[in-house]
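One structure below.
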There are 2 protein chains.
Amino acid sequence: MAAIARRTDHRYGNRPTMKDVAARAGVGLKTVSRVVNGEPGVTPETERRVHEAIEALGFRRNDSARVLRKGRTATVGLVLEDLADPFYGPLSRAVEEVARAHGALLINGSSAEDPDREQELALALCARRVDGLIVIPAGDDHRYLEPEIRAGVATVFVDRPAGRIDADAVLSDSFGGAREGVSHLIAHGHRRIGFVGDRPRIHTGAERLRGYRAAMAEAGLPVREEWVSLGSTSPERVNAAVRGLLTAPEPVTALFAGNNRVTVTAVRTLAAHPSPVALVGFDDIELADLLGITVVAQDAAALGRTAAERLFRRLDGAGGAPERVVLGTKLLARGSGEIPAPTG
Amino acid sequence: MAAIARRTDHRYGNRPTMKDVAARAGVGLKTVSRVVNGEPGVTPETERRVHEAIEALGFRRNDSARVLRKGRTATVGLVLEDLADPFYGPLSRAVEEVARAHGALLINGSSAEDPDREQELALALCARRVDGLIVIPAGDDHRYLEPEIRAGVATVFVDRPAGRIDADAVLSDSFGGAREGVSHLIAHGHRRIGFVGDRPRIHTGAERLRGYRAAMAEAGLPVREEWVSLGSTSPERVNAAVRGLLTAPEPVTALFAGNNRVTVTAVRTLAAHPSPVALVGFDDIELADLLGITVVAQDAAALGRTAAERLFRRLDGAGGAPERVVLGTKLLARGSGEIPAPTG
DNA sequence: CGAGCGATTGACAACGTTGTCCAGCCTCTA
DNA sequence: TAGAGGCTGGACAACGTTGTCAATCGCTCG
């Protein structure tokens, strides 16, 4: 009796607590706790009664209280750029699988490429006392995380390294991948190659640009600055940029696209262009095989998995200095990069 | 002093608490709470001292304790099928945006189409006391959620309705969309049309099949049972199914694909087929426009947004019986459905 | 000059769980 | 039959925060 209609103050539902279960089962509070947590030292008969009461009341343990008491939340946070971007879905999923294997839940949030929002999100996750944090940086200064890391929040950066702090990072070889992709175009006879990429303050954007310049330099080719277009990867901007490259006084005959969104837009723009233009894009895209689009593929799931595994190793007590892991990329030649350069 | 090196028992880090901040600032515990929460009634001078102490100690409020005290977590859970599926990324993102607008965080988990895992996840989220739950069902019996709903967890189902309980649901018009897509094929002269879809115990799978049958019946066309293939949407199974339809004694001349994954695989299989076969798929796919694939598009983001908005209306106290909202679909004719049927 | 009032502040309990520690009971043996 | 030892169960404090309430202080108003 009296387990009903307690509390009329601040709470919505009227969730039963262990105390209620104990009362109903006629046992002590701690005994219920033992049953719920599968701890030994409870008679089968008592256990049965407790289970019955749990069933009857619809009791579910309050993990907030548990966390408060135990100090660990079995939750990790993932701050990424945009879950709607097909690059991050598989990455997030891979992190989730690793977390699940370690009995942890995943909270993820999108920064929308806004450094302030990244910080707001990351700190909100810390306030919830996530055990660890995986961050795909939008900003380039992560000193705001220093107190958190000192306080024991394991932190791993993915896709781009941390800014102004020393932390674990798992990256793709943006430089090498871009260099290989551009070299592929050069090998097929192209001399005037355009580069459309992300803002250079984003690490991957800068590295891919560097790879482009390296490949051109190695081949002894000049780079005219109007061939390089950096900035937002919105369809409007990219579309305008690509058109610009194609209508310049010395138009490019090939294009390197700095990420998946650029590639998608560039393909659309090029499809409307009269003469064929070669294209290699960074990141694979669904159906690119059917469209014959050559890409430098990175393995988003592997990035996520590697980062998550490192995170849990840290949580399991692995020490040592922060490390940087770089995963290789893979050139998938499918035709679009092999379009011959116009002669003359 | 003495705020350092307390606690050596169960905790990892040594996070400062409000008590520590209070001690350092020389004020009471509650005053710190007031400052942290922006409550009125604190002298600017006191506030400054508190902020100073917070800064110096790197204090961050422990939301677990806060939640325990307040009863609300400002967190909503999203149980979906697979975050790596491009259909769910935008949906999840849309939910996140609405949650953010309401000051809430989002925890999401993938059920991997496994009903048991769906249940495990949903209940884990309830144990964390999410305020609300958005579920894309993998199973067809959700009675396990009854105690939670009674206890005040707002719950909205998306993409598929709840099984064996009465709850809010936001759906796409699978029946109408499939019927329209198949009618489109019929209007272009096809008579033998195949259907490759999901398991019929999945609501959308069953509805789309029903739409297919309705369109065929309305046109007075027979449906041979070997034209219908239901089951896993793995590439292997779909590939085999499509081949089967094309090599049957009476091969189909057109195909309706029951969801995005089926469409992608079917496109690949058909690309390797000598004669052209018409195709209409349910769900839009990135780059489908360039490949000229006709689809019945549903708006994943709108599904997520609508569901989240309903959820927060419930959380804000909206009463009334559970409702079912059905969002329309849109046929995007791009050529693949208009391939003429072979004459004779 | 005293009462009263508002503004500021802090002491204390409570949220629901788990870890510690002790009490009671039962069984087995001498 | 008494004592030892093992097993089971419960009382209590603590986790870090917020709501309640009362105390204190500096003013103003009569």
Side-chain angles (χ1 to χ4, degrees), chain A residues 3 6-23 25-50 53-54 57-74 126-129 151-152, chain B residues 3 6-23 25-50 54 57 59-74 126-129 151-152:
Chain A
R6 298 171 307 114
R7 254 188 276 116
T8 53
D9 51 348
H10 60 291
R11 230 152 280 248
Y12 243 47
N14 234 358
R15 284 196 161 274
T17 71
M18 283 192 179
K19 203 162 135 194
D20 302 323
V21 174
V27 303
L29 179 55
K30 183 66 219 231
T31 301
V32 177
S33 172
R34 274 193 269 262
V35 170
V36 169
N37 292 294
E39 286 168 28
V42 181
T43 323
E45 162 59 13
T46 308
E47 188 175 338
R48 196 191 51 72
R49 284 219 315 282
V50 171
I54 288 177
L57 295 174
F59 167 81
R60 181 112 31 230
R61 181 178 61 196
N62 184 331
D63 273 350
S64 290
R66 170 170 229 251
V67 155
L68 178 59
R69 187 60 234 252
K70 304 201 73 150
R72 284 304 201 74
T73 56
C126 290
R128 308 227 164 182
R129 294 294 186 269
Chain B
R6 296 171 308 114
R7 253 187 279 115
T8 52
D9 52 347
H10 60 291
R11 227 150 281 247
Y12 242 49
N14 234 358
R15 284 195 161 275
T17 72
M18 284 191 178
K19 203 163 136 192
D20 301 323
V21 173
V27 301
L29 179 55
K30 182 65 216 223
T31 300
V32 176
S33 172
R34 272 194 270 262
V35 170
V36 169
N37 292 293
E39 286 169 29
V42 180
T43 323
E45 161 59 14
T46 309
E47 188 175 337
R48 195 191 52 71
R49 283 218 316 282
V50 171
I54 288 177
L57 295 174
F59 166 81
R60 181 117 25 234
R61 181 178 63 196
N62 184 331
D63 273 350
S64 290
R66 172 169 227 253
V67 157
L68 178 59
R69 185 62 236 245
K70 303 202 72 151
R72 283 306 201 73
T73 55
C126 289
R128 309 228 162 180
R129 294 294 186 268

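Residue numbering restarts at 1 for every chain, and letters A, B, ... go by the order of the sequence lines. What you are looking at is a predicted structure, and each value in this text was computed from that prediction instead of being measured.
A close approach under 4.0 Å does not occur between any side-chain nitrogen or oxygen of A:Lys30 and OP1 or OP2 of D:dA11. Side-chain N/O atoms of B:Asn37 include one lying less than 4.0 angstrom from OP1 or OP2 on D:dT18. Close to D:dT18, at under 4.0 Å from its OP1 or OP2, lies a side-chain N or O of B:Arg61. B:Arg66 has a side-chain polar atom (N or O) that falls below the 4.0 Å cut-off from OP1 or OP2 of D:dT18.
Listed candidates were C:dG16, D:dG19, C:dT18. Nearest to the side chain of B:Leu68 is C:dG16. For B:Thr17, taking side-chain heavy atoms from C-beta onward, the closest of the listed nucleotides D:dT18, D:dG16, C:dT18 is D:dG16.
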Close N or O pairs between protein and nucleotides 26-28 of chain C (under 3.5 Å):
none

Write out a two-atom table: protein N or O, nucleotide N or O from nucleotides 4-9 of chain C, distance below 3.5 Å.
{"residue": "C:dT8", "atom": "O3'", "partner": "B:Thr43", "partner atom": "OG1", "Å": "2.9"}
{"residue": "C:dT9", "atom": "OP1", "partner": "B:Thr43", "partner atom": "OG1", "Å": "2.9"}
{"residue": "C:dT9", "atom": "OP1", "partner": "B:Thr46", "partner atom": "OG1", "Å": "2.6"}
{"residue": "C:dT9", "atom": "OP2", "partner": "B:Thr43", "partner atom": "N", "Å": "3.0"}
{"residue": "C:dT9", "atom": "OP2", "partner": "B:Thr43", "partner atom": "OG1", "Å": "3.4"}

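Using five terminal pairs a side, the axes of the helix from C:dC1-D:dG30 to C:dA30-D:dT1 at its two ends make an angle of 60°, given in steps of 10 degrees.
Taking the nucleotide of DNA chain C with the nearest heavy atom to each of B:Val32 and B:Arg129, the more 5' of the two is matched to B:Val32.
Side-chain contact between B:Val67 and B:Arg128 is absent, with no heavy-atom pair separated by less than 4.5 Å. Contact of the A:Val32 side chain with the A:Val35 side chain is not registered, since no non-hydrogen atoms from C-beta on lie closer than 4.5 Å. Side-chain contact check for B:Met18 versus B:Val36: some heavy-atom pair is nearer than 4.5 Å. Residues B:Glu47 and B:Arg34 have side chains not in contact (no heavy-atom distance under 4.5 Å, counting atoms from C-beta outward).
For a distance-only test at 3.5 Å, the side chain of A:Arg69 fails to qualify as a donor-acceptor partner of the base of C:dT17.
One atom, CG of B:Asn62, and another, P of C:dC15, lie 18 Å apart when rounded to the nearest Å.
No donor-acceptor pair closer than 3.5 Å links the side chain of B:Thr43 to the backbone N or O of B:Glu45.
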